Every structure is written in structure tokens, then in C-alpha cells.
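Scroll down for the structure; my scribbles are underneath it.
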2 protein chains.
Amino acid sequence: MTSSEPPVLLPEERRERVLNELHRRGTVRVNDLADTLGVTPITVRRDIALLASQGLLRRVHGGATLRDEAASDGGPAAELPDSHTVAGHAAAGHTAVGHTATGHTDGSSGPNGPESPHATVGMVVPSLDYYWPDVIRGVREAAAQAEVRIVLRGATYEAADERRQLDRLVEGVGVDGLLVAPTTTGTEGEELVRWLRSATVPVVLVERSAAIGPYLEPMESVVSDHELGAAVAVRHLAALGHHKVGLLTTLGSPHAPRIRRGWRAACDELELNHTEAPDRETVDHRESGWPATVEEILDACLDSGTTALLVHSDPEAISLVERCQERGIKVPGDLAVLAYDDQVAALCDPPLTAVRPHREAIGRAAFDLLMARLQDPSEDRPKHRVVIGPQLVVRESTAPPT
Amino acid sequence: MTSSEPPVLLPEERRERVLNELHRRGTVRVNDLADTLGVTPITVRRDIALLASQGLLRRVHGGATLRDEAASDGGPAAELPDSHTVAGHAAAGHTAVGHTATGHTDGSSGPNGPESPHATVGMVVPSLDYYWPDVIRGVREAAAQAEVRIVLRGATYEAADERRQLDRLVEGVGVDGLLVAPTTTGTEGEELVRWLRSATVPVVLVERSAAIGPYLEPMESVVSDHELGAAVAVRHLAALGHHKVGLLTTLGSPHAPRIRRGWRAACDELELNHTEAPDRETVDHRESGWPATVEEILDACLDSGTTALLVHSDPEAISLVERCQERGIKVPGDLAVLAYDDQVAALCDPPLTAVRPHREAIGRAAFDLLMARLQDPSEDRPKHRVVIGPQLVVRESTAPPT
DNA sequence: GCCCAAATGAACATAAATGATCGATCGCGA
DNA sequence: TCGCGATCGATCATTTATGTTCATTTGGGC
């Protein structure tokens with residue numbers, strides 16, 4: 001939060017943020033928004049009225065809600081084709097037989113599943129732009145096959161926020177299960193994990209893992225094997241003849257520690273002399289400190305004779321490659337660059353070799369795991385964890401050192 | 001977590017919750033809701049009245065119920081198709097509870113013909129008595145649901161043998177996929193792994209893992225988390241107050257290294273003084289050297305003041321407990337014994353606390369994984385690995401040290 | 001510099017939401 | 001069937017959100 005900043009937003013931007021907030025939270029209230037956006041309630045109300053007239057949300061007393069529901073069962077409803085939908089992904093391919101997800105987890109009273117023949121699954125991810133859309137797509141595809149409804153919420157990277165979302169999904173929307181990529185660090189993160197553990201519906205962690213209980217048993221989860229991904233990257237570079245492979249990760253990324261571990265293990269195993277190779281955690285490429293950091297790193301590479309660099313997050317890798325070219329460092333001639341994520345790595349000028357966590361498969365596997373759990377919620381079914389191997393996509397930014 | 005949260009809900013949200021609660025429970029009471037939602041009963045009543053006027057529920061004295069009959073109320077919704085035909089096998093209790101996985105049934109060929117050749121899956125396990133029958137049962141149950149045929153072969157613990165079995169299954173029987181628990185050690189083991197890697201049909205390893213290819217990518221597998229199992233055992237013993245926890249594993253068991261790793265890690269983490277605690281690998285309890293080994297170990301425990309022992313494989317644990325009693329060492333009074341496997345641990349005289357890898361779940365998961373792979377055999381589907389957490393079954397052989 | 005239009009805020013009247021009170025009803029057990 | 005306690009409904013008071021109208025500010029063209 002910590003708002004109270006009046007950086008004169010364009011009205012358009014402001015409305016955008018209203019929608020954004022709405023899609024994150026599910027509901028917004030006028031006064032909160034007024035506070036957050038630094039305008040008076042009147043203005044917010046006008047914004048909401050405008051957006052409502054465009055059918056982008058539903059006005060209610062005190063704020064606005066996503067306009068679906070309408071009559072949760074009244075009629076076929078189904079009137080909004082838009083809403084949140086990730087475009088593209090035409091070739092769904094898989095015809096496949098659907099699941100039969102009829103998890104009615106209520107367990108008590110309700111004699112027969114009264115409403116909703118199909119389950120509803122809540123999903124909370126830290127952001128709705130980078131990385132997660134593909135995961136979401138995987139979930140959506142699997143859910144569509146199983147005829148399960150997905151209720152998506154984006155959170156900030158703040159545990160308190162996520163906790164609120166989850167509460168609302170379980171208590172308010174009444175989901176049958178949760179797919180969550182929570183913040184697990186910090187005090188609030190721990191509390192969040194505790195909340196998840198005692199949640200009344202099954203939970204599957206996505207790209208996160210956490211251990212709980214008296215014996216630190218892991219929760220059910222689906223994760224990419226980032227250790228392996230980094231190791232594969234290093235082995236690829238080593239096979240090309242590089243002897244020094246540096247690492248650069250973004251501060252605060254939940255994946256960074258695992259990537260670093262894999263990188264280190266592989267370097268050790270292959271006896272690459274990485275003691276002198278750069279190993280840095282940097283700010284995000286949008287931060288002001290980024291350009292200076294890049295310079296430092298490139299200097300460090302040149303000084304130490306490092307000929308290859310594994311860079312976590314495509315944008316940073318691309319930005320770094322651009323800077324290389326400005327400084328006359330040839331990629332891959334002088335410095336092989338390998339991006340970790342493969343979100344946009346292909347779009348770089350020399351297209352970047354990249355490690356790609358298969359985000360879609362992660363979503364799909366997470367959904368499958370949750371369905372299996374809904375089908376057998378008993379304690380007797382042991383905790384399953386699924387680990388998915390990333391893939392190495394070789395492009396042009398890696399080559400033998402010259 | 002109910003109640004204790006009056007964070008000004010939007011009226012709309014509140015009504016939504018009322019509906020959710022109603023759908024979940026079948027009935028709601030005014031006072032309960034008032035309590036839960038943090039408003040007065042009057043407000044709840046008004047909400048219910050409103051929702052009733054929309055035909056979303058039926059008012060009754062004291063609360064509301066789902067409106068079952070088509071009451072032809074004057075509301076906008078008139079009547080709704082109440083045909084909630086719960087899809088497929090709904091509750092059905094247990095009895096071969098359905099896994100879901102992605103749609104399986106027929107393998108790669110036909111879309112979903114009810115008839116048509118159902119897939120055939122070959123399965124090779126090292127033995128048909130200890131440990132594996134339960135795994136096989138899990139596979140069989142899952143296969144029965146998917147209407148897939150299982151061709152089972154038991155091999156000895158010799159790689160050459162297994163290789164021959166596999167060849168015959170693929171070439172002769174013509175299976176569509178393989179579930180294998182191969183011997184991965186030794187020269188022939190490596191060769192076997194290489195054979196598996198280049199097999200013409202998808203392979204899922206069961207309780208084994210192996211890395212292959214230029215970048216040592218893991219093969220698809222389903223394994224128990226034996227590290228975790230051992231760690232849980234240690235934590236249990238530590239929680240009881242033991243400060244020295246010994247370990248005893250059987251020579252040649254493929255699980256032993258992982259168990260040892262988990263044991264060591266947990267001991268380190270909990271700062272148990274295991275440097276002096278016995279850590280032994282022994283021959284099988286049927287070997288002639290066994291009795292002498294037991295004596296040695298018991299002596300070592302007594303000498304070092306070790307009060308708890310984790311024993312891999314139930315038979316060894318049972319035999320050891322018998323010998324304890326002969327020597328007058330009380331279990332659990334003088335020595336807490338924890339068996340790893342829980343095959344027959346319950347049958348011991350003081351029934352043994354044990355770590356139980358859920359063998360049936362392993363079989364089921366392996367089958368599901370293979371089916372998912374058959375459905376999408378493309379390289380694009382990344383390698384999945386499933387890790388299943390063992391369960392701790394507390395019985396009478398563990399207690400605080402006296 | 002002037003004027004227009006969009007955007008915003010202020011003030012005031014209105015509507016909605018909520019809670020309290022009290023008499024009327026309902027449900028259930030004696 | 002009677003009676004008692006729990007519920008309910010109607011009305012009123014209070015608080016909060018909204019709609020409307022009018023004034024002020026902002027940003028451009030001309």
C-alpha cells in the first residue's frame with residue numbers, strides 16, 4: 001500500500017488501475033480507491049459509472065464488483081465474452097478425455113450436491129503479466145476439459161494481500177480448492193503458509209514449496225526444477241568449451257535461490273573455476289540502479305575472463321546484451337549469454353539461448369494434482385509433489401568462446 | 001477461522017456470501033449468518049428477503065433454504081433447470097477411488113472410442129513379494145478404471161534379466177508404455193538405463209530415478225521421498241526427547257542411500273549428537289551373518305547411549321526387537337525402534353512405529369503419469385517427476401527415553 | 001492572451017443501508 | 001389447546017453513499 005502519492009495520473013490510467021484493482025481483488029470500494037488513487041470519492045464514482053456503462057464492471061452500492069455472477073444460477077447467464085481471457089493459444093490440440101471432477105468437499109449436511117455440478121477452483125498468482133499468464137493458460141485448458149470453473153485473482157507480492165484474497169475466495173466465492181503461488185517469506189509469509197495449511201479446502205502450491213507441521217512435511221506442490229534448469233544451462237555452456245560461467249539473478253525472485261544452487265552444483269561438478277566468476281544479485285532492470293549494475297557486471301566478466309553468463313529473467317538478459325553491443329562486446333563471440341525463463345528471449349537481436357520452465361505444463365499439472373486431491377481428500381492419500389524439468393532452447397547467443 | 005472478521009463487507013459481497021453459505025450447507029440460519037457476517041439479524045433478514053424476491057432462495061422461518069420446487073415465483077428467473085446430474089462417479093466412497101490425471105483411457109491412437117484397442121502397459125518389478133505387491137495393486141486399480149491392460153513381469157535384481165523382460169514386452173507383447181523399477185547400479189545397470197532411454201515407448205520409473213542425456217536430464221519417475229521419511233522419523237524421535245538416534249539399513253537396498261541422507265540431514269538440523277550413534281549397513285536378516293550383526297548393533301547402542309534406532313526394512317526391525325527382548329532390553333523403554341517401510345511392522349509384538357511409503361499411491365501415480373505421457377508423447381511435454389511423501393504411523397515401539 | 005472543453009472538487013439534497021424498538025406471529029413443547 | 005420464547009415486520013433514527021448542480025482548475029489551440 002503506502003499510497004498518498006498524487007502523481008497526477010491521467011484519467012485513463014486511473015480507470016485502468018481501477019479495473020486492475022478490481023481484477024485483483026474481485027471487488028473494490030469507492031473510498032478505498034479514492035484513498036489509493038489520491039482523488040475524491042466523487043471522481044472514483046464517476047470513473048466507476050463510466051466503466052460500468054462500458055460493461056466492464058458492475059456497480060454496487062459502495063463500490064463495484066466483477067460483473068459475472070449476475071444470477072449464479074438463475075439462467076444460462078453467460079453474457080460476457082470478454083472479461084479476463086488470455087488470447088491466442090489456438091492450437092489446443094489435445095482433444096482428450098476430460099476428468100471427472102466432482103469434488104464436493106463439503107462433507108457435511110448437504111445431502112446431495114445441490115448446485116454447481118462442477119467444481120470451482122480458486123487461483124491466486126502474484127502477477128498477471130510476466131510469467132504467470134502461461135501458467136494460467138495451462139490451468140485454464142485443463143480446467144476447460146474437466147469442466148471446472150476457475151476463479152482467478154492476481155495479488156501483489158504482499159502476503160497480507162494474498163491472505164485477504166484467499167479468504168475471500170474460500171469464504172466468499174466458495175471455491176472447492178486452491179491453486180496458489182504465495183509469498184512464503186517474511187513473517188507474514190509464514191503466517192500465510194500456516195493459513196494455507198489449515199485451509200478448509202485442498203491447496204496446491206504452484207512454483208512454490210513449503211514445509212509445515214510438526215515434522216515439516218511438504219505441502220502439495222508443482223514446481224519447476226530450477227536447479228536442473230540452471231545445471232542444464234551450465235552443462236550446455238561447459239560443453240561448448242566455456243570454463244567460467246557467471247550468474248546474475250534478480251533480487252527478490254523466489255526462483256533465484258534454486259537457480260543459484262543448481263548453477264553452483266553444476267559448476268562444482270564440472271570443476272569450472274567459478275570462484276572468480278561473477279555471481280551477482282541485481283535490482284530489476286526497471287530500477288534506476290540497473291544500468292550501473294550492468295556496467296559493473298560486464299567489467300567483472302572482462303576482468304575475470306568470464307566468457308559465459310547465465311542471466312535470470314529475460315528482460316535483464318536482453319538489456320544486458322544491448323549494453324554489450326553498445327560497448328563492443330560481441331555476443332556470443334566475447335560473451336555467451338543464456339537467459340533463464342524464455343519469456344521474451346527469442347525476441348532479442350541475437351535470439352537468446354534460454355532455459356524454459358514449461359509454464360503451461362506447470363499449470364496443467366497443478367490443476368491435475370488438485371483434482372486428484374479433491375477426488376480423494378482423505379488424509380490417507382499421501383502428499384504428492386510434482387517436479388517438472390525445464391527445457392533448454394538453444395538459439396544464437398551461446399557459442400564456443402573465441 | 002470463522003467469524004472475528006468484520007471488515008466492512010460490501011452489501012453485495014455479503015449477499016453473495018449468504019448464497020455461498022447456502023449452497024454449501026443447504027440451509028442457513030439467520031442468527032448464524034448474522035454472527036458470521038458481523039451484522040445484526042435484521043440485516044441478514046433483509047438480505048434474505050431481497051434474495052428471495054429474486055428467486056435465489058426460499059425463505060423459511062429462522063433462515064433460508066435452497067428453493068427446490070419450481071415455485072413459479074414472480075421473480076425474473078421464473079424457473080431454472082434443476083437437473084444437476086452430477087457427472088460420472090460422484091462420491092462413491094472409496095473402492096478404487098478415481099485418480100484423475102489427464103484424460104487417459106486409450107493411449108495414443110483413437111480419440112476416445114468406447115471400444116477400440118485399449119492400451120497395454122508393461123510393468124517390470126524386481127520382486128513379487130516384498131514391497132511391490134502394493135505398488136502393483138495401485139497400478140492395477142488405476143488401470144482398471146482406465147480400462148488399460150497391465151502385463152506384469154517380475155525380475156530378479158539383475159539388470160540383464162530385466163533387460164530381457166523389457167525387450168520381450170516391447171517387441172513381443174507390444175506394450176504401449178512401461179512402468180519399470182530397474183536396477184540402475186553397476187555396469188549393466190547403466191546399460192539398462194541407456195536402453196530405457198532409447199526405448200520406443202514411453203517409460204516411467206517407479207521408485208527409481210535416473211538422469212540421462214548430454215545434460216543429465218532426469219527420466220520421468222515416481223518415487224517416495226525417502227529423505228523426508230527418514231527425516232520425519234528422526235523428528236518424531238527427537239520430539240520424544242531422544243538425543244541419539246542410530247540408523248541401520250540393509251545392504252543393497254536402493255532406498256538406503258536416500259534414507260541415510262535424510263537421517264543425517266535431520267540429525268544435523270536438530271543437532272542430535274549422532275556422531276557417536278551407530279550408523280550401520282547390514283546384511284539381510286535371512287543371511288547367516290545377521291544374528292551377529294544384531295548383537296554388535298545392540299552393543300553399540302548400549303555403549304554409546306543411543307536410545308533410538310531407525311531400522312530400514314520391517315523384517316530386520318522385528319528381528320532386532322525380538323533379540324532386544326531376549327537380552328532384556330525393553331522396547332521402547334530402553335530403546336525406541338522405528339521401522340522404515342511398514343510392511344509388517346504392525347505385526348511385531350510391541351507394534352512398531354513405522355514410516356510408510358504409500359506404495360499404492362506410488363503405483364497409482366506412476367500409472368497416471370504414464371497415461372499422461374501416452375496422451376502427449378511429444379518432446380514438448382516436459383519431463384514430470386512425482387515425489388510422494390511417506391507417512392509416519394505411530395504405534396508402540398517409540399516413547400520418550402526413560 | 002483568450003476561450004473552450006475536459007476534469008475535478010464542493011455543497012447540498014436524496015437514496016440506501018443499517019440498527020433499534022416494539023408489537024405481532026410462529027413454532028414447539030406441555 | 002395453551003403458553004412461552006424465538007422470529008419477524010414495520011417504523012424511525014442515524015450513518016454512509018450517491019446524484020446533481022455549480023465553481024474551479026488544467027491544458028490546449030487560435
Side-chain angles (χ1 to χ4, degrees), chain A residues 3-22 25-67 69-71 109 168 171-172, chain B residues 3-22 25-69 71 73-76:
Chain A
S3 319
S4 74
E5 16 102 41
V8 275
L9 284 165
L10 256 47
E12 270 305 316
E13 290 181 285
R14 199 185 47 230
R15 274 171 224 127
E16 199 69 26
R17 286 183 58 170
V18 170
L19 278 183
N20 217 24
E21 200 71 2
L22 178 59
R25 302 252 135 81
T27 63
V28 289
R29 57 208 73 213
V30 171
N31 286 326
D32 290 357
L33 281 176
D35 198 39
T36 308
L37 301 172
V39 294
T40 58
I42 302 180
T43 304
V44 175
R45 241 173 254 131
R46 281 198 266 245
D47 285 342
I48 288 180
L50 178 65
L51 293 169
S53 79
Q54 297 173 10
L56 295 174
L57 48 74
R58 191 163 64 101
R59 250 193 123 170
V60 298
H61 200 94
T65 74
L66 288 170
R67 50 148 233 167
E69 312 300 329
S109 55
R168 205 165 291 159
E171 297 298 324
Chain B
S3 71
S4 81
E5 28 129 20
V8 277
L9 281 165
L10 240 36
E12 275 295 321
E13 286 184 282
R14 198 185 47 230
R15 276 174 220 123
E16 206 139 302
R17 282 204 189 194
V18 170
L19 278 182
N20 277 325
E21 201 69 5
L22 178 59
R25 301 263 138 76
T27 341
V28 289
R29 310 259 308 283
V30 170
N31 285 326
D32 292 354
L33 281 176
D35 196 39
T36 307
L37 300 172
V39 295
T40 58
I42 297 197
T43 303
V44 174
R45 238 173 260 132
R46 281 198 266 245
D47 283 341
I48 288 180
L50 179 66
L51 293 169
S53 81
Q54 296 173 9
L56 295 174
L57 49 74
R58 193 161 62 98
R59 271 193 99 168
V60 298
H61 198 94
T65 72
L66 293 166
R67 43 151 222 171
D68 28 9
E69 309 307 316
D73 46 46

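Here is the naming used below: chain letters follow the sequence lines, and residue numbers restart at 1 for every chain. Note that this is a predicted model, so its numbers are computed, not measured.
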Quick one: does any side-chain atom of Thr43(A) pair with a main-chain N or O of Val39(A) as donor and acceptor, under 3.5 Å? no
Indicate whether any N or O donor in one side chain lies under 3.5 Å from an N or O acceptor in the other, for Thr65(A) and Glu12(B). no
If I take atom CZ in residue Arg15(A) and atom P in nucleotide dA7(C), what distance separates them, rounded to the nearest angstrom? 6 Å
If I take atom CD in residue Glu12(B) and atom C1' in nucleotide dT18(D), what distance separates them, rounded to the nearest angstrom? 16 Å
From [options], pick the nucleotide closest to the side chain of [X]?
X	options	result
His61(A)	dG9(C), dA17(C), dC26(C)	dA17(C)
Thr43(B)	dG9(C), dG19(C), dG19(D)	dG19(C)
Ile42(B)	dA17(D), dC8(D), dA10(D)	dA10(D)

Phosphate OP1/OP2 of [N]: any [X] side-chain N/O under 4.0 Å:
X	N	answer
Thr40(A)	dT8(C)	no
Asn31(B)	dA6(D)	no
Arg59(A)	dG19(D)	yes

Hey, does Val60(A) reach any base, or is it just sugar-phosphate, or nothing, if we go heavy atoms under 4.0 Å? sugar-phosphate
From Asp47(B) atom CG to Leu51(B) atom CG, the distance as rounded to the nearest 0.5 Å: 6.5 Å
